[in-house]
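Heads up: the structure comes next, in structure tokens.
Throughout, protein chains are lettered first and strands after them, A, B, ... in sequence-line order, and every chain is numbered starting at 1.
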Amino acid sequence: MDSRSITDEELVAFLDGELPPEQAKAVEQALRDDPALRARLDALTIDTDTVKSAFDSLLPLAPGHAEPAPKDSPSQPSSRALGPLVSRRAAIAASLAAVAAIGFAGGRLTAPMQSEDWRMAVAEYQLLYRSETLTHLDPSPAELESERARVVAELGLDIDGTALRNVSGLRYRRAQILGYEAAPLAQFAYLDSRNRPVAFCVTPTEAASRPLETQSFKGLAAVSWIADGFAFLVIGDVPPALLDRAARDLSASLAQASRTKSS
Amino acid sequence: MKELLEGFYPRLWRYCLALTRDLPAAEDLCQAACLKALESAHQFQAGTHADRWVFSIAKNLWYNTLRAENVRRGGGLVPSDELALPAPGTDAETNFFHAEVLKAVMDLPEAQRVTVFLVYVEGFSYKEAAEHLHIPIGTVMSRLAAARSKLAALKATSGAAKQRTL
């Protein structure tokens, strides 16, 4: 077969395994003989598996269809007829982990908005904690205070020492600054009465405030909430009721501090 | 039919996104296609692929009506730099890479984009893609050739992705 008579279409079909066997054989032979044809083939070669996996990564972001249909969508009366199958636009917006605006040519990636995924990241990190991570710590009040001051300054939210120390069922042990994406993430470490590690984590968010919610991440019990531009998470391998109490204490102290400051 | 729809709803939504390259329009299309599928469920031939049947419904809705409406409303002309796509996963590097690939495919002209999606993402054979799009197999091939040539060129020139293969 004269390699010049092989079209780009045939080369693509060859790459995709869509040529009949005898034609594929002929192309193979021509490729062996002709460097120019190999260059043409190269200019048509892409990793189709990557295209597939990039699109597959979108699937978990499909609008949740297990939610009840919205009651207040006069512009889309039809969506109600479909019942729980279809959620409205607002629901998908909320379910998107983040929105990235990407310029391919410049290789530019606009920083994605702070996403909910930080809680999963914290959960994975918390899974590595055991009692011994914290039991050896016996910091003096002065040490704890200077550590706290440094961490909350990095975080940009002044959480006072009294609030951190007075949490039902938990002993305050340590503060450290971590990071999620571009944002600071403060971690306050606790032990419960049976020396099980619990973390109270805080990071800035652009999401709207929302009340305490008990969940489970990576098998750990967790309570999270958002208030005034910060997302909070209490997490640990302890009974949810214990975390609920701790989270209520913390959120109440923080809300009170914020009221005091603004008045 | 409703259970069937639930099963492949995310893939249907993703196809709508590939057709419309716009989140709100994709959702509208997805909803419309589901409704239409439920209304015409009696026309569905048991034993055939329900997903492909609904994909066809979505594609026809898009090309026959919704696309024109969307363009009239000023949609469908989203500049690619402002194209909002969900950023999946938590791994920043994978994210970035996937986002680049998605962007590159979404930037392809419509006919090429949809053909690439059906063949490389949904795994349609050339023949199946041709039937779905009501075009000759030769057209499927030429669209794929044009798309591959563009994507391969991007791979060669992209600084950020230089070490990676598209």
Side-chain angles (χ1 to χ4, degrees), chain A residues 7-13 15-16 18 42-63 65-66 76 78-79 81-83 85-89 92-93 95-109 112-113 115 117-118 120-121 181, chain B residues 2 5-6 9-11 13-14 17-18 23-24 27 30-32 34-35 38 80-90 92 94-105 107 116-117 119-121 125-126 138 141-142 144-145 148-149 151-155 157-161 165-166:
Chain A
T7 63
D8 279 0
E9 283 76 9
E10 280 170 306
L11 287 175
V12 167
L15 287 168
D16 287 339
E18 285 265 358
D42 198 41
L44 291 169
T45 301
I46 62 169
D47 181 355
T48 56
D49 287 346
T50 301
V51 172
K52 177 155 181 11
S53 70
F55 275 89
D56 282 350
S57 70
L58 290 174
L59 288 175
L61 304 174
H65 45 281
Q76 300 173 349
S78 54
S79 67
L82 210 45
L85 184 67
V86 181
S87 68
R88 64 200 279 223
R89 194 170 301 165
I92 180 191
S95 76
L96 293 181
V99 173
I102 301 112
F104 179 81
R108 170 173 59 85
L109 179 67
M113 277 157 59
S115 68
D117 293 336
W118 76 281
M120 295 304 274
E181 290 172 357
Chain B
K2 197 159 167 179
L5 281 171
E6 296 250 14
Y9 188 83
R11 282 176 45 234
W13 169 76
R14 183 175 67 171
L17 198 58
L23 278 175
E27 261 202 81
C30 202
Q31 295 198 3
C34 285
L35 275 174
L38 291 176
S80 59
D81 280 359
E82 290 166 26
L83 179 65
L85 283 175
T90 53
T94 310
N95 248 358
F96 176 73
F97 188 48
H98 279 162
E100 275 193 329
V101 174
L102 284 173
K103 172 79 166 57
V105 174
D107 271 355
V116 162
F117 178 86
V119 174
Y120 297 133
V121 180
S125 68
Y126 286 6
M141 289 162 72
S142 57
L144 291 177
R148 274 175 169 271
S149 146
L151 295 174
L154 277 178
K155 166 188 77 180
T157 53
S158 157
T165 46
L166 179 65

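Nearest heavy-atom pair across B:Ser149 and A:Leu44 is CB-CD2, 3.8 Å. In this structure, A:Ile46 and B:Ala152 approach most closely via the heavy-atom pair CG2-N, 3.7 Å. Heavy-atom minimum distance, A:Glu18 versus B:Ser125: OE2-CA, 3.4 Å. When all heavy atoms of B:Val116 and A:Val51 are compared, the pair lying nearest together is CG1-CG1, 4.4 Å.
Both the backbone and the side chain of B:Arg11 have a heavy atom closer than 4.5 Å to some heavy atom of chain A. For chain B, the nearby parts of A:Ala13 are the backbone and the side chain; heavy atoms of each come within less than 4.5 Å.
The greatest number of non-hydrogen atom pairs below 4.5 Å with chain B, out of A:Leu15, A:Asp49, A:Leu11, is found for A:Leu15.
Contact annotation: the side chain of B:Arg14 never approaches that of A:Leu61 to less than 4.5 Å [non-hydrogen atoms, C-beta and beyond]. Here the side chains of B:Met141 and A:Val12 are not in contact, with every heavy-atom distance at 4.5 Å or above. The shortest distance between side-chain heavy atoms of B:Arg148 and A:Asp16 falls below 4.5 Å.
One distance of note links CG of B:Leu151 with OG1 of A:Thr50; it measures 11.0 Å at 0.5 Å rounding.
Residues passing the ring-ring contact (aromatic ring centres under 6.0 Å, His included) test with B:Phe117, sequence neighbours excluded: A:Phe55, B:Tyr15. The side-chain hydrogen bond (donor to acceptor under 3.5 Å, both in side chains) check on A:Asp42 picks up nothing, with sequence neighbours excluded.
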